[in-house]
Amino acid sequence: GDGNISTLAVLQFLMHINRHYKKYSANLDDSGTLSDRQMAKIIRYINRNLFNKIHLADMAAVLDLHPIYFSRIFKNTCGYSPIAYANFLRCRNARQLLLTTDFTPKEIIEACGFYSMSQFKNMYKKLTGRDALEDAKTPPVVINMK
């Protein structure tokens, strides 16, 4: 009777959890870092979406990983959180455009997904430790991957 239905429901629920656990755990790397292939896939995703709002959950979904786990192993891999890395790429792109085009700084900053020059300058300073406009006269910033 009712006992069998609830037992079946619990069993189905546990099987559902097990399937999802396996789905996530199958992607776990013992070293706690992303493979070169996984990192390349994420960088491609970030570059394709650089001018849109990038969400952690969407990045994690690209690799079929849980967002919290993805965030941790991404940071283990390159030393930056996924969102900070995306912002770093935005900053680097804006800096390159400031250096090589005749667009106004305001036009460039907005095109690169920043709301204001102060937001861009603060983000750039936070990520690189340097002033963005002074830095526009020096060679490009390199992000060192571990």
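Because the structure is a prediction, the values reported are computed rather than measured.
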Measuring from atom [atom1] of [X] to atom [atom2] of [Y], what distance do you get when rounded to the nearest 0.5 angstrom?
X	Y	atom1	atom2	answer
Lys75	Ser71	NZ	OG	8.0 Å
Cys91	Lys126	SG	NZ	10.5 Å
Asn49	Arg44	CG	CZ	12.5 Å
Glu107	Thr101	CD	OG1	8.5 Å
Lys121	Phe114	NZ	CZ	13.0 Å
Ser118	Met123	OG	CE	11.0 Å

| Stepwise side chain to side chain contact (heavy atoms under 4.5 Å, CB included) check, Ile54 with Tyr45 | CA-CA 9 Å; Ile54 297 176; Tyr45 174 82; 4.2 Å; yes
Exercise: identify the closest heavy-atom pair between [X] and [Y]:
X	Y	result
Thr77	Met39	CG2-SD, 3.9 Å
Pro67	Ala60	CA-CB, 3.6 Å
His55	Ile83	C-CD1, 4.5 Å
Lys125	Asp131	CD-N, 4.4 Å
Phe70	Pro82	CE2-CG, 3.5 Å
Ala94	Ile109	CB-CD1, 4.3 Å

| task | Evaluate the side chain to side chain contact (heavy atoms under 4.5 Å, CB included) criterion for residues Phe74 and Ser81: first the C-alpha distance (whole Å), next the side-chain angles of each, then the deciding distance (0.1 Å), finally the verdict. | result | CA-CA 6 Å; Phe74 187 98; Ser81 74; 5.9 Å; no
Are side-chain heavy atoms of [X] and [Y] found at a separation under 4.5 Å?
X	Y	result
Leu34	Leu65	yes
Tyr85	Ile43	yes
Phe120	Cys112	no
Phe103	Leu97	no

| request: Go through the structure and list residues passing side chain to side chain contact (heavy atoms under 4.5 Å, CB included) with Leu50, not counting sequence neighbours. | output: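 Residues passing side chain to side chain contact (heavy atoms under 4.5 Å, CB included) with Leu50: Ile46, Asn47, Leu89, Arg90, Asn93.
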| side chain to side chain contact (heavy atoms under 4.5 Å, CB included) against Lys106, all qualifying residues, sequence neighbours excluded |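 Expected list: Thr104, Glu110.
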| task | Taking atom CZ of Arg37 as the centre, report whether more than 12 heavy atoms of other residues, nucleotides or ligands fall under 6.0 Å from it. | result |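 It does not: Arg37 CZ has 12 such atoms or fewer within range.
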| task | Mark yes when over 12 heavy atoms from residues, nucleotides or ligands other than Asn52 sit less than 6.0 Å from its CG; otherwise mark no. | result |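 More than 12 within 6.0 Å, yes.
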| request: Apply side-chain hydrogen bond (donor to acceptor under 3.5 Å, both in side chains) to Gln119 and list each qualifying residue two or more places apart in sequence or on a separate chain. | output: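 Testing Gln119 for side-chain hydrogen bond (donor to acceptor under 3.5 Å, both in side chains), a comparison that skips the adjacent residues, returns none.
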